[in-house]
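See structure below.
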2 protein chains.
Amino acid sequence: MADLVYRQLLSTLKKQIVAGDYPNLKLPDERSLSEQYQVSRSTVKRALSILADQGIVFKKRGSGTFINPLYLKNDSVFHYNNGSNLGVTDSFQMNGRKPGISLLNFEVVRPQAELKRDLFLKNDDFVYEIKRLRLFDDEPFMIESGYIPIKIMPELSRQIVSGSIFNYLQKEKNQAVTKSYLTISAEPSTKEDQQQLKLQPNEPVGVMAGVFFLDDGTPFEYSRMRLHYKYMKYNTFVTIDD
Amino acid sequence: MADLVYRQLLSTLKKQIVAGDYPNLKLPDERSLSEQYQVSRSTVKRALSILADQGIVFKKRGSGTFINPLYLKNDSVFHYNNGSNLGVTDSFQMNGRKPGISLLNFEVVRPQAELKRDLFLKNDDFVYEIKRLRLFDDEPFMIESGYIPIKIMPELSRQIVSGSIFNYLQKEKNQAVTKSYLTISAEPSTKEDQQQLKLQPNEPVGVMAGVFFLDDGTPFEYSRMRLHYKYMKYNTFVTIDD
DNA sequence: CAGTGGTCTAGACCACACC
DNA sequence: GTGTGGTCTAGACCACTGT
């Protein structure tokens with residue numbers, strides 16, 4: 001991965017930016033970079049576009065490419081995900097805390113209409129229903145209800161489900177979950193939320209719900225996550241074009 | 001904008017996909033498309049990459065490009081933003097409801113340290129503090145607190161601030177806000193939230209806070225939005241690579 | 001081995017910003 | 001007008017998939 005030309009250039013530029021090699025916050029023009037690193041201008045553009053997508057630089061037609069000053073202030077609001085995390089254990093800053101899983105429920109059910117639609121199921125397909133309580137250092141922070149088609153993972157067991165399913169997929173079946181569509185919202189806590197997540201009645205949960213996809217586009221899991229509100233922090237960098 | 005070759009191809013393919021012109025959910029290969037539409041393969045790749053970023057298709061090296069079945073089910077969970085909306089009046093589905101603004105407060109203040117950092121301000125820079133209640137059809141749904149450096153918009157007035165600031169920027173100064181960094185979270189409602197947004201004490205608010213940037217990368221506004229929880233629905237399509 | 005997407009190049013021409 | 005990023009092309013070669 002890192003031996004790709006545009007990846008190397010990307011990484012080089014990123015290091016230089018962080019190191020403060022461009023005190024005037026302006027990068028050299030694309031043609032110069034192309035010359036300097038002996039790569040085509042297209043490759044330079046590719047690297048710079050990624051930096052722009054990540055919010056690290058701004059490209060301004062006619063004047064140049066400029067470093068986002070906010071990115072340099074390392075302790076600032078600007079430490080975000082690049083939207084590039086998936087999997088519960090990766091998505092939350094655990095700050096050295098040990099993640100845990102407590103299995104609440106594990107059974108096979110007939111999917112509701114909506115679920116059938118979202119997971120692209122046929123009429124007589126069944127799904128596993130997996131309800132788990134997620135913890136950090138024995139402190140519960142999320143109730144997760146997952147639905148996985150039997151036909152995708154017929155071998156699923158209480159054992160597997162008590163650990164990270166994504167890791168299992170990766171290691172045992174060499175399949176990666178690289179895409180997800182999620183809706184983020186907030187709700188008052190239910191009695192169950194309050195009990196499991198140790199919430200006061202007036203304290204809410206954050207809700208993240210949606211579909212995870214395998215590399216090849218197969219909808220793999222529908223998941224509904226109810227988070228202790230203090231643990232829900234979703235960072236996004238958005239660009240509009242149209 | 002739409003006369004660009006890759007944009008046209010993009011729009012053509014999107015229409016065909018929605019129209020069901022590819023019943024087997026597989027697009028023609030890139031070289032065929034290049035031939036068929038008399039454009040270079042690079043241009044085809046560009047259009048297809050955008051479709052992939054939007055989650056509409058999956059590209060699989062060695063086998064082809066496939067349509068995401070979820071995208072075809074139009075009424076499904078899959079109708080999302082592409083993360084491509086900015087500006088309050090654009091960002092929420094208004095469903096024909098008329099947006100309104102009630103100005104709660106408008107003054108000049110000395111920015112706190114954190115704000116100074118996020119807006120990249122110097123020691124003696126001042127900011128406008130603009131607090132507004134946003135409505136749909138006279139129903140309040142959001143309390144918005146915005147902070148804009150005086151030096152960026154010295155001409156700001158109660159009049160301007162009572163309408164859409166982004167529209168004003170666009171029309172009067174030909175500057176667009178095209179990027180934002182936001183953190184999304186949830187909180188119990190405060191007394192003020194409950195009063196302004198007509199919430200019960202146990203009902204929460206969604207919080208979206210962060211920085212909006214001008215085209216040239218200037219941090220333009222820090223905004224903190226507290227939303228009636230029923231109005232907070234943020235949709236994301238995330239891809240991981242690394 | 002054939003088919004398909006991924007990377008990379010070299011160069012032409014356009015559009016916008018600034019002097 | 002010069003500098004800079006944006007679009008587009010034509011083609012070479014690589015990497016992975018599936019027969």
Side-chain angles (χ1 to χ4, degrees), chain A residues 1-13 22 24-53 56-68 174-176 178-179 214-218 239 241-242, chain B residues 1-13 22 24-53 56-67 173-176 178-179 214-218 239 241-242:
Chain A
M1 179 69 100
D3 56 340
L4 298 181
V5 179
Y6 77 89
R7 283 280 171 189
Q8 283 194 296
L9 180 54
L10 179 60
S11 141
T12 301
L13 290 174
Y22 303 105
N24 59 353
L25 298 185
K26 186 175 192 307
L27 291 185
D29 69 277
E30 296 179 348
R31 290 164 179 85
S32 306
L33 287 171
S34 160
E35 169 84 10
Q36 181 183 346
Y37 292 99
Q38 287 296 294
V39 300
S40 72
R41 189 178 157 215
S42 315
T43 297
V44 172
K45 290 184 85 60
R46 185 163 189 172
L48 291 181
S49 292
I50 294 173
L51 287 176
D53 286 345
I56 297 174
V57 304
F58 295 91
K59 297 197 279 187
K60 195 122 201 338
R61 186 207 204 97
S63 37
T65 301
F66 302 86
I67 297 168
N68 184 343
N174 196 32
Q175 283 185 300
T178 53
K179 294 185 168 61
L214 296 179
D215 258 358
D216 62 3
T218 311
T239 304
D241 284 297
D242 279 338
Chain B
M1 178 70 97
D3 56 340
L4 297 181
V5 178
Y6 78 89
R7 282 282 169 186
Q8 282 194 298
L9 180 56
L10 178 62
S11 141
T12 301
L13 290 174
Y22 303 106
N24 58 354
L25 298 186
K26 186 175 192 306
L27 292 185
D29 69 276
E30 297 179 347
R31 288 163 180 86
S32 305
L33 287 171
S34 159
E35 169 83 10
Q36 181 182 346
Y37 292 98
Q38 288 295 296
V39 299
S40 73
R41 191 180 155 214
S42 314
T43 298
V44 172
K45 290 184 85 59
R46 186 162 188 173
L48 291 181
S49 291
I50 294 173
L51 287 175
D53 286 345
I56 297 174
V57 304
F58 295 92
K59 297 195 279 186
K60 197 129 199 342
R61 185 205 204 99
S63 38
T65 301
F66 303 87
I67 296 168
K173 307 185 66 171
N174 196 33
Q175 284 186 299
T178 54
K179 293 185 167 65
L214 297 179
D215 259 358
D216 62 4
T218 312
T239 304
D241 284 296
D242 279 339

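Within every chain, numbering begins at 1; the chains are lettered A, B, ... in the order of the sequence lines, protein sequences first and strands thereafter.
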How would you list, by chain and number, every residue that makes a side chain to side chain contact (heavy atoms under 4.5 Å, CB included) with [X], sequence neighbours excluded?
X: A:Leu9; answer: A:Leu13, A:Tyr37, A:Val39, A:Val44, A:Ala47
X: B:Thr218; answer: B:Ile152, B:Leu214, B:Asp216
X: A:Ser40; answer: A:Ser42, A:Thr43

Practice task
Just jot down the ring pair (Phe, Tyr, Trp, His ring centres under 6.0 Å) partners of A:Tyr22, sequence neighbours excluded, or say none.
Solution key: none
Practice task
Report yes or no: does B:Ser11 contribute a side-chain atom to a donor-acceptor pair with the main-chain N or O of B:Arg7 at less than 3.5 Å?
Solution key: no
Problem - C:dG5 OP1/OP2 closer than 4.0 Å to side-chain N/O of B:Thr65 - result: yes
If I take atom [atom1] in residue [X] and atom [atom2] in nucleotide [N], what distance separates them, rounded to the nearest angstrom?
X: B:Asp29; N: C:dT4; atom1: CG; atom2: P; value: 4 Å
X: A:Glu35; N: D:dG3; atom1: CD; atom2: P; value: 15 Å
X: A:Phe66; N: C:dC16; atom1: CZ; atom2: P; value: 17 Å

Fill in the blank from the handout: Quick tally for nucleotides 6-13 of chain D: nucleotides whose base has a protein heavy atom under 4.0 Å get B, sugar-phosphate-only ones S, the rest -, giving BBSBB-BB
Fill in the blank from the handout: When A:Gly62 and B:Gly62 are each assigned the nearest nucleotide of DNA chain D, the 5'-most assignment goes to A:Gly62
Problem - Selection residues 24-34 of chain B - residue pairs positive for salt bridge (Lys or Arg N to Asp or Glu O under 4.0 Å), sequence neighbours left out - result: B:Glu30-B:Arg41, B:Glu30-B:Lys45
